[in-house]
Number of protein chains: 2
Amino acid sequence: MVNTTRAPGTPGSGGTVGSAGPALRADAARNRERVLEAAAQVFAERGLDATLNDVAERAGLGVGTVYRRFPNKESLVEALFADRIDELMALAVEAVGHPDPWEGFVYFLERSLARQVIDRGLRDVLLHSGFGSHHVAEARDRLTPMVTELIERAQAGGHLRGDLVAMDVLMLVKMVGSVADYVGDDAPELWRRYLALLLDGLVTDRSSISSLGKPPSPETVERAMLRRE
Amino acid sequence: MVNTTRAPGTPGSGGTVGSAGPALRADAARNRERVLEAAAQVFAERGLDATLNDVAERAGLGVGTVYRRFPNKESLVEALFADRIDELMALAVEAVGHPDPWEGFVYFLERSLARQVIDRGLRDVLLHSGFGSHHVAEARDRLTPMVTELIERAQAGGHLRGDLVAMDVLMLVKMVGSVADYVGDDAPELWRRYLALLLDGLVTDRSSISSLGKPPSPETVERAMLRRE
DNA sequence: AACCAAGTGGAGCTACCCACTCCGCTTCCT
DNA sequence: AGGAAGCGGAGTGGGTAGCTCCACTTGGTT
């Protein structure tokens, strides 16, 4: 969902846009929304490599219009993903509050990965930096203590192996992410198979071995390998 | 392997090719070797994105010299990685011959990943296609039955979970690969930690839980996230 | 209804990158 | 000594992506 709450012309709206100014004309405000929606779609599908021309085309507008609202690509990306990142934080808070520590841990991994799989742009923002690295780094710093607590609770509960640390979680997310999304309609849930495998490596209690979904077809694997990710 | 377009010729010294055409001049043959060595280094360090200018510079030669021996980038890449791929096949054969089926399976994963970690170019060739995709696809087809046997033996031995298939192995390699190499001198063996985690998810017998190495530092993770891979 | 600042489109500018070529000069080898 | 093979590396061509410019349109105010 696009953040529509920011008044177009209010001073310091995005934090990035310097100029305070009069309110936007009605059509301009409408187009601003269109740009944000189009950007959300395009970046979700193709990642941050998509150009602002792509975004403009999707929005049915000219590039100039896009650049009139957002001084450059980075500011658009930031406007889009700032709240996405906050949502991840909320997810962590929610997970920490889960009655079962292990379930909370799994819940966090599963849900945050699901978001990244849906939204390739989000994965790019989180895992490949470049854009908004300031925001992301800051988010990471806020997130780390939460993850640490998530881990420690699950370890105290006896379900999670003791030698896992918060930093590992990021790496695990990256691993599963590397195997996610390739496949579009083909095998969109394949990543869950490998998350399950990983979780079975994390759990202390082997009696409850995960059941994996359908294995990938050779064609799916072929396609996965072709992606430079 | 192709030699040239304009100047036919084959190395007298190389022994890699049996072919038609006059022998290379002594200095030319020497330079050809230099090019190959430089290419091996540069591609190993920076992956296939490295340019032939980079290779030439590393070799202490001009680009023209590189292109005199190899008509284009692809032919150089192919000359370099054809036998690397064959080595992987040999590895699989060796692994299948291992007395302990589970150890054979682990051996294969561990060794082939170790190669890819050392050689970023090899990872690119195997996992991101583009170059030599014909060769790679063919190699994959030859490799698949070997991996299947590897898996089935380990499953028959009771060590490997039954729901794993050959295609999974490629995906697992990709996953671990995504987390490998970033780190240069920093934490070159970090990938083993995550391979161990995965293996613990693959094994049926939980009594032998792996001991992980040192966890990554925040700086290491930071750096890992910055890489677009 | 008239006016004009705000807004728009999209061709095109700029800057960059990389695979590859060209050609005057050098080196090997007979 | 002669000439073919080889060499260096500036330059070319082609592609891409971020961004600008400005003639034209539109919204909203008077």
Side-chain angles (χ1 to χ4, degrees), chain A residues 8-9 16-17 19-36 38-39 42-43 46-79 121 124 130-132 228, chain B residues 2-13 20-36 38-39 42-43 46-80 121 124 130-132 228:
Chain A
T16 336
V17 193
S19 56
L24 289 181
R25 232 166 62 179
D27 56 340
R30 206 182 316 126
N31 285 338
R32 199 190 120 100
E33 286 314 304
R34 277 202 208 151
V35 168
L36 284 169
V42 170
F43 288 141
R46 304 218 284 279
L48 297 185
D49 283 349
T51 71
L52 289 206
N53 288 42
D54 296 332
V55 171
E57 194 184 355
R58 177 72 63 107
L61 299 168
V63 225
T65 304
V66 176
Y67 278 97
R68 166 167 303 272
R69 259 350 116 212
F70 302 92
N72 50 46
K73 187 175 180 178
E74 174 147 21
S75 75
L76 173 55
V77 170
E78 237 162 87
D124 287 352
F131 290 107
R228 149 143 256 143
Chain B
V2 191
N3 276 301
T4 68
T5 43
R6 304 182 60 179
T10 53
S13 56
L24 289 181
R25 232 165 65 177
D27 55 342
R30 206 181 315 126
N31 284 339
R32 200 189 119 98
E33 285 313 303
R34 276 200 208 153
V35 168
L36 284 169
V42 169
F43 287 141
R46 304 217 283 276
L48 297 186
D49 283 349
T51 71
L52 290 206
N53 287 38
D54 296 333
V55 171
E57 195 184 356
R58 176 73 62 107
L61 299 168
V63 226
T65 305
V66 176
Y67 278 97
R68 168 166 303 272
R69 258 352 116 210
F70 302 92
N72 51 46
K73 187 175 181 178
E74 174 148 21
S75 75
L76 173 55
V77 170
E78 236 163 87
L80 257 182
D124 287 351
F131 290 106
R228 150 139 253 144

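Lettering follows sequence order; numbering is per chain, from 1. All of these numbers come straight from a predicted model, not from anything done at the bench.
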Specify the separation, in whole Å, of atom [atom1] of [X] and atom [atom2] of [N].
X       : N      : atom1 : atom2 : value
B:Tyr67 : D:dA10 : OH    : P     : 16 Å
B:Leu48 : C:dA19 : CG    : P     : 11 Å
A:Arg46 : D:dT16 : CZ    : P     : 13 Å
A:Arg32 : C:dA6  : CZ    : P     : 18 Å
B:Glu57 : D:dC7  : CD    : P     : 18 Å
A:Phe70 : C:dG7  : CZ    : P     : 13 Å
B:Arg58 : D:dG9  : CZ    : C1'   : 19 Å
B:Glu74 : C:dA19 : CD    : P     : 12 Å

Taking all atoms of both residues into account, what is the closest heavy-atom pair of [X] and [Y], and its distance?
X       : Y        : answer
A:Thr51 : A:Lys73  : CA-NZ, 4.5 Å
A:Leu61 : A:Val35  : CD1-CG2, 3.8 Å
A:Leu48 : A:Gly121 : CG-O, 4.0 Å

TODO: Please tell me which of A:Arg68 and A:Ala50 maps to the more 5' nucleotide of DNA chain D, matching each residue to the nucleotide holding its nearest heavy atom.
DONE: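 Counting from the 5' end, the first nearest nucleotide belongs to A:Ala50.
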Task: Whichever of B:Ala28 and A:Leu52 has its nearest DNA chain D nucleotide further upstream toward 5' - done: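 Going by which nucleotide is closer to the 5' end, it is B:Ala28.
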If we only count heavy atoms from C-beta on, is the [X] to [Y] side-chain gap below 4.5 Å?
X       : Y       : answer
A:Val55 : A:Val63 : no
A:Leu76 : A:Leu36 : yes
B:Val77 : B:Phe70 : no
B:Arg69 : B:Thr65 : no

- [ ] Evaluate whether atom CD of B:Glu57 has more than 12 neighbouring non-hydrogen atoms of other residues, nucleotides or ligands under 6.0 angstrom away.
- [x]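 At most 12 heavy atoms, drawn from other residues, nucleotides or ligands, come within 6.0 Å of this atom.
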Open item on the list: Using 0.5 Å steps for rounding, measure from the CG atom of B:Asp124 to the CG atom of B:Asp49.
Closed with: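 Going from the CG atom of B:Asp124 to the CG atom of B:Asp49 covers 6.5 Å.
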Open item on the list: It should be established whether A:Thr65 places a side-chain nitrogen or oxygen under 4.0 Å from OP1 or OP2 of nucleotide C:dG7.
Closed with: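 It does not, given that no N or O in the side chain of A:Thr65 lies less than 4.0 Å from OP1 or OP2 of C:dG7.
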Task: Side-chain N,O (B:Thr51) to OP1/OP2 (C:dC18) below 4.0 Å - done: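 Indeed not, no polar side-chain atom of B:Thr51 lies that close.
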- [ ] State which of D:dC7, C:dG9, D:dT20 makes the closest approach to the side chain of A:Leu61.
- [x]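 Nearest nucleotide to the side chain: C:dG9.
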Open item on the list: Starting the side chain at C-beta, find the nucleotide from C:dT8, D:dG6, D:dC19 nearest to A:Asn31.
Closed with: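 My answer, after comparing the listed nucleotides, is C:dT8.
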Close N or O pairs between protein and nucleotides 12-15 of chain C (under 3.5 Å):
none

- [ ] Please tell me which of A:Gly64 and B:Asn72 maps to the more 5' nucleotide of DNA chain C, matching each residue to the nucleotide holding its nearest heavy atom.
- [x]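 The residue mapped nearer the 5' terminus is A:Gly64.
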Task: Contact state string [nucleotides 25-30 of chain D, B base, S sugar-phosphate only, - no protein heavy atom under 4.0 Å] - done: -BSS--
